[in-house]
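All chains are named by letter (A, B, ...) in the order of the sequence lines, taking the proteins before the strands, and each is independently numbered beginning at 1. Since this is a predicted model, take the numbers as computed values, not measurements.
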Amino acid sequence: MTQRLLVDLEKCTECRTCELQCSFVHFGVFNPNKSGVRIIARWPELPRARVCSQCADPACLPACPVEALVRTAQGVVQVLYAQCTGCGNCITACPYDGVWLDPLSGVAVKCDTCAGRFACLDTCFVGALAAGE
Amino acid sequence: MLECYGKKLLRVNLTRRTITEEPLSEDFIRRWVGGMGFGTRLLTQEVAPTADPLGPDNKLFISVGPLTGTLAPLFAQTCIVTRSPLTGGIINTYAGGHLGGAIKASGYDVIAIEGRANGLVYLLITPDGARIVDCPELAGRSARQAEEALKMAAGRDDLHTLAIGLAGENRVRYASVISETRAFGRGGAGAVLGAKNLKAMGIAGIGDVRVADQNAFQVAVEVAYQTLRDNLAQPWSLLAGFGRVGTGSGMGLINEKHALATRHHRLTRFAQAEEIGGQAFADRFPTRPIACLGCQVHCGMLHSPVKTPWSEVWTRGPEYETMYSLGSLCCNDNAEMLLKANDQAEAYGMDTLSLGVNVAFAMECAERGILPRHALGDDVTLEFGQPEATIRLIDMIAHRQGLGDTLAEGVRRAAQTIGQGAESFALQVKGMEFAAWMPERMRGIAVTFATANRGACHKRAPIGAELMGFLPMDGLEGRAALVAQIQDKVNAIFTLVACRFAEFALPLGQFVALLNTASGLDYTEAQFVRLGEAIWNLERLHNLAAGIDGSEDRLPDICFTVPADFPKDSKPLTREDFATLLHDYYAARGWDALGRPTPERLALLGLQA
């Protein structure tokens, strides 16, 4: 089964370094909208995490009208940025809020597990992030 | 080159209700770097030193820095520079959290607030545009309520905010600016916004934050991360303690060292210190650490829910400094009271340090018979160790009722009003109430309290070295020069904008490496510290022209009275000691005997007289 990013909300300190790391690793810039993981504060309650569930039967794939979503050999759904028109169909289709639009570039953004490397784990000092099923 | 900057200033004129963008030149950015550098240069250029801090001619500059919103760890602070209604001089004040990242993402390095609106307004800055919105319905609301209203109005979860509470609207001279779970605490920036009728600001941005050299920056970040990991792994790590139970982690140690100001400086140790230290709060109340953007220390302890005798609250804090000001200084050993008081300070928007010192001052006056013991009402006695008196007085100060109106002015003015010798023991320098440390005990504190441009401030002192005995607390040799160096270094890192705690872990070279790889600039360590010194001197010149001269580089008489429990193995501060320290300080700074920067020193720093 495809591994996905797991967020332990009770350990998470909401530092959002994972967001900075993700956008930097993928796009060379710092921009939460370009991160595949999003942490939303709701103090005093625990934060909310948005991240792709790497579904076995993803709803986003068939929703894309321009075939900008593809499945890798590891089973991870990836966005082909050059193809993506920013129509938002995948966002509407996803039941988990796991994909969103980067308003600046106009493309859909989601967690791609960094080809199984999960770069965000390196920057979480409190062990709130893990790769799992 | 300079990819990490937006290179833009947003100028908001509340009188004319105009919002305009201005470019920041490469020369300006290169010279002043960001944060405190930008704010200080702009304020000293654009606002007369004699401008009424609460008048329409004062301006308030909100600045971020080259490392804001990047992976560089512990650089989430936003800097506000303005003229202080408490000191009458220039103030710089900081808040962490996530506001800085939002400002950076919006493409602005500086937001300048000027003039005065003709009714209560808020400022909303989003990718859809910037606008000033009338909000009479928010009058009197807590800072948190105002921030929530703004977030609802904007309808986006990437909006970050700052706001004032009732204290700012009532121009309490030490009113703070609250930003979500953090605060721009010292110096009355909240009163400045209150006088401008600006209740709140919300900002969201969708921009990319870039660096000049991605590979080199990544390397510099990895080095910083490793340094932090190594530091946090040490058993004695201060930062690790902060991350477990907050900044009050050192309470036991500080008390053991007789360095905890108690009962309005009559004592150096508080018998019940452990009941109000960081560990006590973590043990007794629901506690969860929350962090500022990109920070691995996570020193912010969120306590929710907490039942207190007054109301149920949730609050982020108290900080160590609050455990002193509203705790030991007032002889309050009641943790629930501290949580309630912290919540009041967040809701009303008041600096807990100045607030606590004013409360303790009132208690001291009552004890000496110069204020009536029932000044707060027939049902509560104004006395040390009286939680009800503390909570009542905080409400009265925010509302400017009765004695609260006198204390809302700060202890310097309150002492002048009350008279009867109160000026000799009011804990203030240049109008700024004392931070948590004792000049009687620690020579570095004596120097920095007396000479800091923003008044009795602890942020630029060798606290750790003196506390741990690496430097003798009562030593004079080289102490003043060391304080001057720290003042310069901290100023420099506040251009980036670093958290004060970053300097506890990262060596100077790493700050410079992060700056240069992010910006493409080529600062050396010496040049970087020199920048800090230049900013210090800009502040000093502004203050001198405002009438704050060398005669204000002094400590109140109470600092030369020896506390009853002063440890036998250490020497208390004498007036001769202080005179020596001040003389050494002026010499180290290259200033004349009256504490004025000489033309030679200014020329060296590239400044004009």
Among B:Lys151, B:His98, B:Arg144, the one residue meeting side-chain hydrogen bond (donor to acceptor under 3.5 Å, both in side chains) with B:Glu180: B:Lys151
CD (B:Glu319) and CZ (B:Arg182) are apart, to the nearest 0.5 Å, by 5.5 Å
What distance separates A:Asp102 CG from A:Cys84 SG, expressed to the nearest 0.5 Å? 10.0 Å
Going by atom types alone, do A:Thr92 and A:Asn89 pair a side-chain donor with an acceptor below 3.5 Å? no
Looking at A:Arg42, A:Lys11, A:Gln21, which has the largest count of heavy-atom pairs under 4.5 Å with chain B? A:Gln21
Who wins among B:Pro73, B:Ala105, B:Cys292 for the most heavy-atom pairs under 4.5 Å with chain A? B:Cys292
Heavy-atom pairs under 4.5 Å with chain A are the metric here; pick the option from B:Asp158, B:Leu293, B:Asp157, B:Ile206 that has the most. B:Ile206
Using non-hydrogen atoms only, which part of A:Ile40 is less than 4.5 Å away from chain B: side chain, backbone, both, or neither? side chain
Answer with side chain, backbone, both or neither: which region of A:Glu10 has an atom nearer than 4.5 Å to a non-hydrogen atom of chain B? neither
A:Asp122 versus B:Tyr225: any side-chain heavy-atom pair under 4.5 Å? no
Is A:Cys124 in contact with chain B via its backbone, its side chain, both, or neither, using a 4.5 Å heavy-atom distance? neither
Given that the side chain runs from C-beta out, which part of B:Val211 has a heavy atom under 4.5 Å from chain A: side chain, backbone, both or neither? side chain
Side chain, backbone, both or neither: which part of A:Lys34 has a heavy atom under 4.5 Å from chain B? side chain
Proximity breakdown for B:Arg229 and chain A, heavy-atom pairs closer than 4.5 Å: both
Using only heavy-atom distances, determine whether the side chains of A:Gln54 and A:Thr2 contain a donor-acceptor pair under 3.5 Å. no
So, is the end of the B:Arg316 side chain (NZ or CZ) under 6.0 Å from the ring centre of A:Trp43 and within 45° of the ring's axis? no
To check you understand the geometry: which heavy-atom pair defines the closest contact between B:Arg288 and A:Glu45, and what is its length? NH2-O, 2.8 Å
Between B:Gln226 and B:Asp230: side-chain donor-acceptor atoms closer than 3.5 Å: yes
Atom group of B:Leu302 that falls short of 4.5 Å from chain A, counting heavy atoms: side chain
Max heavy-atom pair count under 4.5 Å with chain B, selected residue of A:Val29, A:Val126, A:Thr123: A:Val29
Specify which of A:Cys15, A:Cys18, A:Ser23, A:Gly28 makes the most heavy-atom pairs with chain B at under 4.5 Å. A:Cys15
At a 4.5 Å cut-off on heavy atoms, which part of B:Glu3 comes close to chain A: side chain, backbone, both, or neither? neither
Using non-hydrogen atoms and a 4.5 Å limit, figure out which bit of A:Ser105 sits close to chain B: side chain, backbone, both or neither. neither
